[in-house]
Amino acid sequence: MPQSIEQATFHNSFVDELPGEASMDNRPRQVPGAAYSRVLPTPVRQPRLLAWSEELAAELGLSRPPEQGPAVDVLAGNLVTETMKPFAARYGGHQFGSWAGQLGDGRAMSLGELSAVDGSPREIQLKGAGPTPYSRRADGRAVLRSSVREFLCSEAMHWLGVPTTRALSLVTTGDLVVRDMFYSGNPQPEPGAIVARVAPTFVRFGNFQMMTAAGELDNLRTLADYVIRRYYPELGEPSAAVYVRWFEEICRRTAVMIAHWMTVGFVHGVMNTDNMSILGLTIDYGPYGWLEPYEPGWTPNTTDFSHHRYAFGQQPRVALWNLVQLGRALSPLVDNVEELNAGLDRYNTTLNETRRELYGRKLGLTSFTSAEDLALLEVLPEALADGVVDMTLFFRRLSHLAPTLITQPEQEEALLAELVRETSYVELGPIGQQHLLPWLRRYTARLRQETTDPDAIQTGMLAANPKYVLRNYLAQQAIEAAETGDLTLLNRLMQVLKAPFDEQPEHNELAAKRPEWAREKPGSATLSCSS
Ligand code: AMP
Ligand code: MG
């Protein structure tokens, strides 16, 4: 029987098994020697439930609560039940390439863990529940705008099959939070909100980096052993050899995650090492964005406009750089640092293999391994960029066209030209002539060599190329409506994004190219870390 969250029994392995500080003192400070600080959420004025993930709740055995009441009090941090031992984790990180020292959960706090109905552990974390020792000079709160973005996108990523943390609920707090959205000296009050997010654990690369940087090697080992025993039990009892295999597995999972990002067109925006999950999950949805025109150099994050360090096309390299930093942090645990290189090699091979596998499915090619096939994949980014095509729309339309391209070669030229025209953001001129159309001709010739039935190819492609993604401007429209109390678009997006590969013709307009007005719109195309 599903139960309401205030009745659920929480477990507290992180607090019970790791060293931490128990003072409950929220004042910002360094916390040497601790993996976490015990904290209490700071109550909010009038919590109200705005959104709820039915599917995740079912996994957790939780029932949907009414708009207000004890369950929503839990989800807003106003009620801490007897079995919870809330904590904020201590971690550090490299931000934009530089070591930033202690960061930690400055506005996220975990209530503890629930057992999912399948028996596996899930940490429940409130984001925006008030200050912790790690809040530095900030307020520990989150605004509705960024909370809607995290709620919608993490669930949408899950339905796309991308490894990610999840979101259970979104509540408004009834309090105002002041933010200078574009760091332009123009702070404004905005509605506050709290997302309850869910993952087996929220431990990041930065938790390990912090301990090594502080010379706390006993704590480093204790945390590594905790994570391995609990989340990587298949590796066996921790030992020097197991740490090496563990690092390799983290590298593998990270590569799978990045390959997914690169094939759906997701730009994380802030790939600092404190935003890298030790489980290879997409974590910390901030100024992320979805590619509209295929542009490897694009980032939505205004803080990164000068360097484009975290632009779409940089993500594979940055993840590797981040793994090197994690490897450094774990090096005191292994006999020979060189052994960790196997993990970095594994990252590269897995990234290539997974990307090939995912693109093979997107393109409807069953065996996608010959030298010519790999050459086709190699030049694809250049081709897509040349056509300035909408990434999502392009592959979806291509899926629909595939059977005709196979069976009616005489129509090929006209169909390909139309495909480029319809999905490109450039209206006039020789779009796609240099790379994209030649690429499409090569691809079509290759597609005709497939022996699978054309309709089956199409079915496979439609199951690999989503029709619906959380387009930047749609998220922004849902936010603007939610800020006035209108949840129609938020609810509609939640519904539609649960089945991103289904036609859902009644929602066609949510699959359209970005309208021209949204091109430079703040909040759509440009986002800051202010959240
Ligand atoms: P982010 O860039 O969101 O990953 O955050 C980097 C660090 O800043 C983390 O330690 C966060 O907990 C902290 N942080 C971000 N926003 C706030 C806030 N409003 N209050 C307290 N800490 C924050
Ligand atoms: Mg973060």
Side-chain angles (χ1 to χ4, degrees), residues 156 160 162 259-267 289-298 312-313 355-356 358-365 368 373 376-406 411-447 457-474 500-504 507-516 518-519 525:
L160 284 167
V162 184
H260 274 95
W261 291 2
M262 301 311 289
T263 42
V264 294
F266 176 77
V267 191
W290 290 82
L291 279 192
E292 286 154 342
Y294 189 92
E295 223 181 289
W298 184 71
F312 178 70
R355 192 160 38 187
R356 200 185 324 142
L358 294 174
Y359 260 114
R361 271 190 247 154
K362 282 174 89 69
L363 295 170
L365 304 178
F368 194 46
D373 286 351
L376 200 63
L377 186 57
E378 188 69 26
V379 294
L380 180 57
E382 199 183 3
L384 291 170
D386 174 49
V388 203
V389 289
D390 184 281
M391 185 180 183
T392 309
L393 208 55
F394 176 83
F395 285 106
R396 189 74 183 177
R397 290 274 166 96
L398 189 62
S399 316
H400 282 294
L401 285 183
T404 323
L405 287 173
I406 294 170
Q411 289 207 42
E412 175 182 318
E413 273 307 303
L415 288 176
L416 295 183
E418 188 183 307
L419 169 69
V420 176
R421 207 169 39 246
E422 281 188 353
T423 58
S424 177
Y425 282 97
V426 180
E427 308 237 323
L428 295 167
I431 45 161
Q433 302 280 0
Q434 228 195 330
H435 298 290
L436 185 55
L437 283 167
W439 185 91
L440 279 166
R441 290 184 198 112
R442 265 172 78 190
Y443 161 71
T444 306
R446 170 65 184 81
L447 189 61
I457 289 182
Q458 183 184 60
T459 308
M461 288 175 75
L462 289 171
N465 292 303
K467 176 169 177 180
Y468 298 100
V469 296
L470 183 60
R471 289 177 177 275
N472 308 316
Y473 79 95
L474 292 175
F501 301 99
D502 290 0
E503 278 306 319
Q504 310 185 67
H507 297 296
N508 272 346
E509 74 222 46
L510 302 181
K513 236 194 274 184
R514 173 200 64 199
E516 196 45 34
R519 187 217 274 258

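Nearest approach of L447 to G364, heavy atoms of both residues: CD1-O, 4.0 Å. The heavy-atom pair separating L419 from F394 by the smallest distance is CD2-CE1, 3.7 Å. The nearest pair of heavy atoms linking V388 to P293 is CG1-CB, 3.8 Å. Across Y359 and M391, no two heavy atoms sit closer than the pair OH-CE, 3.5 Å. Closest heavy-atom contact between V379 and R442: CG2-NH1, 3.9 Å. Of all heavy-atom pairs spanning G313 and M262, the tightest one is CA-CE, 4.1 Å.
Rounded to the nearest 0.5 Å, atoms CG (L416) and CG (L401) are 7.5 Å apart. Here OG of S424 is found 11.0 Å from CG of L384. Values are rounded to the nearest 0.5 Å. Here the CZ-OG1 distance, from R396 to T423, works out to 14.5 Å after rounding to the nearest 0.5 Å. With values rounded to the nearest 0.5 angstrom, T263 atom OG1 is found 9.0 Å from F395 atom CZ. The OG1 atom of T444 sits 10.0 Å away from atom CG of L437, with the distance rounded to the nearest 0.5 Å. Y468 contributes atom OH, which lies 9.0 Å from atom CG of D502 (distance to the nearest 0.5 angstrom).
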Should V267 and W290 be marked as a side chain to side chain contact (heavy atoms under 4.5 Å, CB included) after you check the CA-CA gap, both sets of side-chain angles, and the distance that decides it? CA-CA 6 Å; V267 191; W290 290 82; over 6 Å; no
Could you walk me through whether R397 and E422 pass the salt bridge (Lys or Arg N to Asp or Glu O under 4.0 Å) check? CA-CA 9 Å; R397 290 274 166 96; E422 281 188 353; 2.2 Å; yes
Go through it in stages, so that I can follow the logic: the residues are L440 and L405, the test is side chain to side chain contact (heavy atoms under 4.5 Å, CB included), and I'd like the CA-CA distance, side-chain angles, deciding distance and then a yes or no. CA-CA 10 Å; L440 279 166; L405 287 173; over 6 Å; no
Starting from the C-alpha separation in whole Å, work towards a yes-or-no answer on side chain to side chain contact (heavy atoms under 4.5 Å, CB included) for E503 and K467. CA-CA 7 Å; E503 278 306 319; K467 176 169 177 180; 3.0 Å; yes
From CA spacing to verdict: salt bridge (Lys or Arg N to Asp or Glu O under 4.0 Å), R441, E412: CA-CA 8 Å; R441 290 184 198 112; E412 175 182 318; 5.1 Å; no
Before giving the answer on side chain to side chain contact (heavy atoms under 4.5 Å, CB included), spell out for I431 and L436 the whole-Å C-alpha distance, their side-chain angles and the decisive distance to 0.1 Å. CA-CA 8 Å; I431 45 161; L436 185 55; over 6 Å; no
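With sequence neighbours excluded, the residues forming a salt bridge (Lys or Arg N to Asp or Glu O under 4.0 Å) with D373 are R446, listed by chain and number.
Looking at V264 and V469, their side chains never come closer than 4.5 Å, going by heavy atoms from C-beta outward.
Checked by atom type, the side-chain pair N465/S399 shows a donor-acceptor distance below 3.5 Å.
Exactly one of R514, R471, R421 qualifies for a salt bridge (Lys or Arg N to Asp or Glu O under 4.0 Å) with D390. That residue is R471.
For the pair Y294 (side chain) and G387 (backbone), a donor-acceptor distance under 3.5 Å is absent. Judged by distance alone, with hydrogens and angles left aside, the side-chain atoms of Q458 form a donor-acceptor pair with the main-chain N or O of H400 at under 3.5 Å.
With a 6.0 Å cutoff to the six-membered ring centre and a 45° limit on the axis angle, K513 counts as a cation-pi contact of Y425.
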